[in-house]
Amino acid sequence: MASLELSLAVGNYDRTRAIFDGRAPIEGCDVRAVALEPEEAFHRAFKFQEFDVTELSLHSHVMTTAKGTAHYVGIPAFVSRLFRHSGIYIRTDRGITRPQDLKGKTVGLPEYQITANVWIRGILEDEYGLRPRDIKWRQGGEEEPGRDERSPLTLPPEIDYQRIPSDRALSGMLEAGELDAVFAARAPTCFLRGAPHVARLFPDYRAAEEAYFRKTRNFPVMHLIGIRKSLVERHPWLPVSVYKAFLKAKLLCMEELGQIGHLATSQPWSVFEHDRLRELMGEDYWSYGAAENRATLETLLRYSHSQGLSPRLVAVEELFAAPTFDLSKI
């Protein structure tokens, strides 16, 4: 029987490397894997559905699921997770020293709907009482002019949301003082260059993020893996086969991170850090699985609906192929 040929796009992370090098094959499949930056993978997936299996923005998948327009079926392999206190960049000459000081300020963002910003707004509201309507939002490319929202938005009328000029970019506007802050997954180049009066709201973001985790137990999910819906309809065995491969790739990654005889990374104390994270966050601190991450996923789903992005409250079960909830055990 011939193998099913699959095209696959995902970031070349330590936890996906075994997919690329063949140590974690997808059963019954001949895989042509391409390493892409997440933004490119998302653009090509949501605009053109170019790949059979692809890394997806979790929140974009939530929105398309809520609207009934999803072209991909999700599997709960969360290849990107990140705390987002680090993603708030401010002008230090605007009296912003705590999250509540952002009230009434003008904040730029590359897209209102990206997962990172949904998490940031939700955390600011839950933990600091700062609501989305308390801020003036300005959308545009972070480094290059012309970036648009991935899909059309209809926001609540109380949200002050506007596009920046078509010839401007957020990093330059923050450096010039035309914005009070920028919320972004990537650090603006003006911050990386050490531009005057540009800093993080949480300079010691690790401490803030650890405190947030200890309180909420949320390790925010950013990206998942999607499989083209038409393929799943023809091959119902495919979601579990893909999921098992990503689980194996992550297991191999974690085994390598714990190997002290020869380091898997270029950080001298990476094994010490790996052990510290297991003590803080649990043995499987980068967990896959819908059941294992239900509370965190439900938090993001609540944020999406309350922020006026999802037209209805989506259930966790709607996001993923049903067989991935019940893997066989020996």
Side-chain angles (χ1 to χ4, degrees), residues 59 82-143 145 147-149 152-192 194-205 207-209 211-212 215-216 218 220 299-300 302-310:
H59 187 250
L82 203 72
F83 295 100
R84 286 302 182 186
H85 294 69
S86 63
I88 304 174
Y89 301 88
I90 61 166
R91 293 283 306 186
T92 59
D93 55 357
R94 305 297 162 85
I96 304 170
T97 60
R98 55 184 190 141
Q100 293 88 340
D101 296 330
L102 288 165
K103 185 173 184 178
K105 297 296 192 291
T106 301
V107 175
L109 28 65
E111 291 184 50
Y112 194 86
Q113 65 188 289
I114 61 174
T115 312
N117 284 332
V118 177
W119 274 110
I120 289 173
R121 285 192 300 270
I123 290 169
L124 290 177
E125 182 166 12
D126 276 359
E127 304 300 315
Y128 304 100
L130 188 71
R131 299 163 298 182
R133 69 188 185 203
D134 294 333
I135 289 174
K136 303 170 187 175
W137 305 100
R138 299 295 179 261
Q139 184 272 324
E142 186 171 344
E143 303 296 337
R147 180 169 175 174
D148 295 320
E149 295 282 355
L153 295 182
T154 303
L155 296 175
E158 67 268 19
I159 301 298
D160 182 350
Y161 169 92
Q162 300 175 36
R163 294 285 307 278
I164 64 173
S166 60
D167 60 344
R168 305 299 305 281
L170 300 176
S171 181
M173 293 179 69
L174 182 63
E175 183 171 7
E178 297 169 281
L179 296 170
D180 300 311
V182 165
F183 292 2
R186 293 179 181 267
T189 54
C190 65
F191 170 80
L192 295 175
H197 306 300
V198 176
R200 281 192 169 99
L201 175 62
F202 295 96
D204 188 356
Y205 60 85
E209 291 169 353
Y212 170 77
K215 178 180 178 181
T216 68
N218 282 331
T299 299
L300 188 278
R302 172 171 60 86
Y303 288 165
S304 179
H305 184 54
S306 69
Q307 292 173 24
L309 292 163
S310 294

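- Remark: L155 CG to L309 CG distance equals 6.0 Å, nearest 0.5 Å.
- Within 6.0 Å of NZ on K105 lie more than 12 heavy atoms contributed by other residues, nucleotides or ligands.
- Under a 4.0 Å N-O distance rule, the pair R147/E111 qualifies as a salt bridge.
- For L130 against Q100, the heavy-atom pair with the smallest separation is CD1-O, 4.3 Å.
- Judged as a ring pair (Phe, Tyr, Trp, His ring centres under 6.0 Å), the pairs with a partner in residues 96-120 (not counting sequence neighbours) are, in order, Y112-W137, Y112-Y161, W119-Y303.
- The shortest distance between side-chain heavy atoms of L174 and Y89 falls below 4.5 Å.
- Of all heavy-atom pairs between P196 and R91, the closest is O-NH1, 3.8 Å.
- Of all heavy-atom pairs spanning A184 and E142, the tightest one is CB-OE1, 3.5 Å.
- A salt bridge between D180 and R138 is absent, with no side-chain N of the basic residue lying under 4.0 Å from a carboxylate O of the acidic one.
- Using a 4.5 Å cut-off on side-chain heavy atoms (C-beta onward), I135 and R121 make no contact.
- Listed by chain and number, the residues in a ring-ring contact (aromatic ring centres under 6.0 Å, His included) with Y128 amount to none (sequence neighbours excluded).
- Nearest heavy-atom pair, R84 versus A116, reported as atom, atom and distance to 0.1 Å: NE-CB, 3.4 Å.
- Taking the side chain as every heavy atom from C-beta outward, V182 and V107 never approach each other to under 4.5 Å.
- Using a cutoff of 4.0 Å between basic side-chain nitrogens and carboxylate oxygens, E178 and R168 are scored as salt-bridged.
- Looking at E143, its side chain does come within 3.5 Å of a backbone N or O of T189 through a donor-acceptor pair.
- Taking the side chain as every heavy atom from C-beta outward, I114 and H59 never approach each other to under 4.5 Å.
- In this structure, the side chain of S304 does not engage the main chain of L300 through any donor-acceptor pair within 3.5 Å.
- Between D160 and R133, none of the side-chain N atoms (NZ, or NE/NH1/NH2) sits under 4.0 Å from a carboxylate O, so this pair counts as no salt bridge.
- For the pair Q307 and V118, the minimum side-chain heavy-atom distance is below 4.5 Å.
- Considering CD1 of I159 and NZ of K136, their distance stands at 13.5 Å, rounded to 0.5 Å.
- By the 4.5 Å heavy-atom criterion applied to side chains, I123 and E209 are not counted as neighbours.
- Judged by distance alone, with hydrogens and angles left aside, the side-chain atoms of S171 form no donor-acceptor pair with the main-chain N or O of P188 at under 3.5 Å.
- Side-chain contact between D93 and H197: present, with at least one pair of heavy atoms (C-beta onward) separated by less than 4.5 Å.
- To the nearest 0.5 Å, atoms CD (E125) and CZ (R131) are separated by 7.5 Å.
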Check your understanding: Hey, mind stepping through L201 and I96 against side chain to side chain contact (heavy atoms under 4.5 Å, CB included) and telling me if it holds?
Key -> CA-CA 8 Å; L201 175 62; I96 304 170; 3.9 Å; yes
Exercise for review: Before giving the answer on ring-ring contact (aromatic ring centres under 6.0 Å, His included), spell out for Y205 and H85 the whole-Å C-alpha distance, their side-chain angles and the decisive distance to 0.1 Å.
Suggested key: CA-CA 6 Å; Y205 60 85; H85 294 69; 9.1 Å; no
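- Across G87 and I120, no two heavy atoms sit closer than the pair O-CD1, 4.0 Å.
- In this structure the side chain of L102 never reaches within 4.5 angstrom of the side chain of D134, judged on heavy atoms.
- The two residues L170 and G140 have their closest heavy-atom pair at CD1-O, 3.3 Å.
- The closest donor-acceptor contact from the side chain of N117 to the backbone of Q113 lies at 3.5 Å or more, if one exists at all.
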Exercise for review: Evaluate the side chain to side chain contact (heavy atoms under 4.5 Å, CB included) criterion for residues R200 and I90: first the C-alpha distance (whole Å), next the side-chain angles of each, then the deciding distance (0.1 Å), finally the verdict.
Suggested key: CA-CA 6 Å; R200 281 192 169 99; I90 61 166; over 6 Å; no
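- Listed by chain and number, the residues in a salt bridge (charged side-chain N to carboxylate O under 4.0 Å, His left out) with E127 are K215 (sequence neighbours excluded).
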